[in-house]
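Working notes, beginning with the structure itself.
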Amino acid sequence: MQPSTTASSAFDTSAHDTLRALQWLGDRLHLLDQRRLPFEEAWIDCHGSREIARAIRDLVVRGAPAIGIAAAWGVVLAAQRGDDLDDALATLRAARPTAVNLMWALDRMRVCIDAGMDGEALAREAQAIQAEDLAANRAMGAMGAALIQPGSGVLTHCNTGSLATSGFGTALGVIRAGYESGNIARVFAGETRPWLQGARLTMWELQRDGIPATLVADSAASHLMKSGKVQWVVVGADRIAANGDTANKIGTYQLAIAAKHHGVKFMVVAPSTTVDMATPSGDAIEIELRDPAELLGYAGRRTVADGAQAWNPVFDVTPHDLIDVLVTERAVITQPDAATVRAVFGMPDTH
Ligand code: MRU
């Protein structure tokens, strides 16, 4: 399954970390199609920036860091083909609105284009973005796992693993590292309605990598916390505002409220590429609304009475005062707020 022509660092794997879902093949991006997991491991090849934008929009590739990396490769493909780069950048940027990693990666590629880099140099930049993400994940895994008391149970939400990043994962990286160190003894994954990232992707990824996990309905989370089986909720992020407010998969906010009520600690794990100092607070984060059809049926089959309507926001914002710790590769920030985030990431941008 793993092609031999890709950069070796991307395949620097270990026993509990075997999956790489974005693979650059020199003239195309090879993507594990996340719409078809867990029962089909189908790969698709994207040959141009428009195909990559479509793959991001349609959730072939998803997860904040992964869509940033895919977009960077989209710019490389546009350059290789001699496409209009302004047009390619705009199309990729419009693919999804909430995860700032997408905009961050495109801004970084834009700087390179403006500096006159050719296709080969742009490819080296995209490769660097991908490799830096893997290194950040490994660092955050160790930092986050060290905060968890030996023998703990954790609950995670959505999919934040190798499918959602260049590899290893953010919150799932902490779970990988914590499982290896023994600090994490039990893993629970919420199913993550309506797209089932937890049920379809996280459970598959953990099972494949030999980390036992138990699936729970999203609506079982408070009951689980009350039972005493979990000491931490560990989640990723799509955009972290300058005051620490954090957008992540819909349902994260209610987990943070329930965790506070039950004395369960709440950890957000995200690379610095997810921190957006230009967004002052969560109120300014655009929340993606997706097709109500995702709620009104499953796998092409309608499950709700004809004529019924649905509202389908796919992210929510957890206020910073519900977050105990924010783990980035630069630092662990306890009680994130405007001051503690500024101490690590500098003054808010004002553009
Ligand atoms: O809609 P998705 O599946 O792209 O949403 C993904 C999430 O919300 C993840 O928690 C987040 O992107 C972090 S992934 C390391």
Side-chain angles (χ1 to χ4, degrees), residues 17 19 21-22 31-35 37 55-71 95-105 130 132-134 136-141 144 155-176 189-202 204-205 218 233-240 246-256 266-276 282 285-291 294-295 312-318 323 326-329:
D17 169 34
L19 177 67
L22 288 104
L31 293 173
L32 180 54
D33 188 344
Q34 302 193 27
R35 297 169 303 181
L37 290 170
I56 293 171
R57 203 174 48 241
D58 294 347
L59 309 181
V60 171
V61 56
R62 42 133 310 272
I67 65 178
I69 294 162
R96 292 189 76 186
T98 305
V100 76
N101 307 61
L102 175 63
M103 295 67 183
W104 172 88
Q130 188 159 352
E132 287 165 21
D133 185 63
L134 185 58
N137 291 341
R138 291 229 169 89
M140 293 187 294
L155 170 64
T156 191
H157 191 56
C158 197
N159 172 270
T160 61
S162 293
L163 290 168
T165 64
S166 68
F168 201 72
T170 58
L172 227 53
V174 167
I175 288 171
R176 279 191 164 86
E191 62 179 347
T192 319
R193 283 279 295 151
W195 212 69
L196 300 178
Q197 284 92 335
R200 294 193 306 105
L201 307 180
T202 296
W204 175 79
E205 188 174 329
D218 297 325
V233 175
V234 185
V235 296
D238 288 84
R239 188 183 297 233
I240 299 170
T246 294
N248 190 48
K249 179 52 56 192
I250 191 77
T252 303
Y253 178 25
Q254 64 195 20
L255 290 179
F266 194 87
M267 182 191 297
V268 172
V269 188
S272 54
T273 54
T274 307
V275 177
D276 180 15
I285 299 176
E286 183 181 349
I287 299 296
E288 179 180 8
L289 288 174
R290 289 188 73 88
D291 189 345
E294 288 180 357
L295 276 172
N312 188 22
V314 299
F315 298 100
D316 58 26
V317 173
T318 300
I323 300 169
L326 168 58
V327 176
T328 76
E329 80 282 15

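Ligands are counted one by one from 1 in listed order, and the atoms in each one are counted from 1 as well. Start at 1 with the first residue, then count along the sequence.
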(request) For Thr160, take its heavy atoms, then give the atoms of ligand 1 lying under 4.0 Å from any of them. (result) 10 (O), 14 (S), 15 (C)

(message) Ignoring hydrogens, what is the shortest heavy-atom contact between Arg57 and Ala95? Give both atom names and the distance.
(response) CG-O, 3.6 Å

(request) List the closest protein heavy-atom neighbour of atom 14 (S) of ligand 1: residue, atom name, distance to the nearest 0.1 Å. (result) Ala164 CB, 3.6 Å

(request) For atom 5 (O) of ligand 1, grab the closest protein heavy atom and report residue, atom and distance to one decimal in Å. (result) Lys249 CE, 3.3 Å

(request) For atom 9 (C) of ligand 1, find the nearest protein heavy atom and state the residue, atom name and distance (0.1 Å precision). (result) Asn248 OD1, 3.4 Å

(request) Output yes when Glu205 and Arg176 qualify as a salt bridge under the 4.0 Å nitrogen-oxygen rule, no when they do not. (result) yes

(request) Assess Asp238 for proximity to ligand 1: is some non-hydrogen atom of it under 4.0 Å away? (result) yes

(message) Under 4.0 Å, heavy-atom basis, I'd like to know which part of Cys158 is in contact with ligand 1: side chain, backbone, both or neither.
(response) side chain

(message) Assess whether a salt bridge exists between Asp276 and Arg239, defined as any Lys/Arg side-chain N lying under 4.0 Å from an Asp/Glu carboxylate O.
(response) yes

(message) Which residue and atom name correspond to the protein heavy atom nearest atom 15 (C) of ligand 1, and how close is it?
(response) Thr170 OG1, 3.2 Å

(message) Between Glu288 and Arg290 (salt bridge meaning N to carboxylate O under 4.0 Å), is one present in this structure?
(response) yes

(request) Please work out whether any backbone atom (N, CA, C, O) or any side-chain heavy atom from C-beta onward of His157 is under 4.0 Å from ligand 1, and answer side chain, backbone, both or neither. (result) neither

(request) Please work out whether any backbone atom (N, CA, C, O) or any side-chain heavy atom from C-beta onward of Trp195 is under 4.0 Å from ligand 1, and answer side chain, backbone, both or neither. (result) neither

(message) Closer than 3.5 angstrom, by distance alone: can the side chain of Thr98 be matched with the main-chain N or O of Glu286 as a donor-acceptor pair?
(response) yes

(message) Please list the nearest protein heavy atom to atom 3 (O) of ligand 1 with its residue and the distance rounded to 0.1 Å.
(response) Arg62 NE, 2.5 Å

(message) At less than 4.0 angstrom from any non-hydrogen atom of Ala64, what atoms of ligand 1 do you find?
(response) 12 (O), 14 (S)

(request) Have a look at Leu102 and tell me which of Thr273, Asp238, Ile56 forms a side chain to side chain contact (heavy atoms under 4.5 Å, CB included) with it. (result) Ile56

(message) Among all protein heavy atoms in this structure, tell me which lies nearest to atom 4 (O) of ligand 1, with the distance rounded to 0.1 Å.
(response) Arg96 NH1, 2.8 Å

(request) Below 4.0 angstrom from a heavy atom of Phe315, which ligand 1 atoms are there? Numbered from 1 as shown, please. (result) 1 (O), 5 (O), 8 (O)

(message) If you define the side chain from C-beta out and look only at heavy atoms, does anything of Leu32 sit under 4.5 Å from Leu19?
(response) yes

(message) Below 4.0 Å, non-hydrogen atoms only: which portion of Thr165 touches ligand 1? Side chain, backbone, both or neither.
(response) side chain

(request) Of all the heavy-atom pairs spanning Asp133 and Ser166, show the shortest one and how long it is. (result) OD2-N, 2.9 Å

(request) Record the part of Ala237 in heavy-atom contact with ligand 1 below 4.0 Å; permitted values are side chain, backbone, both and neither. (result) backbone

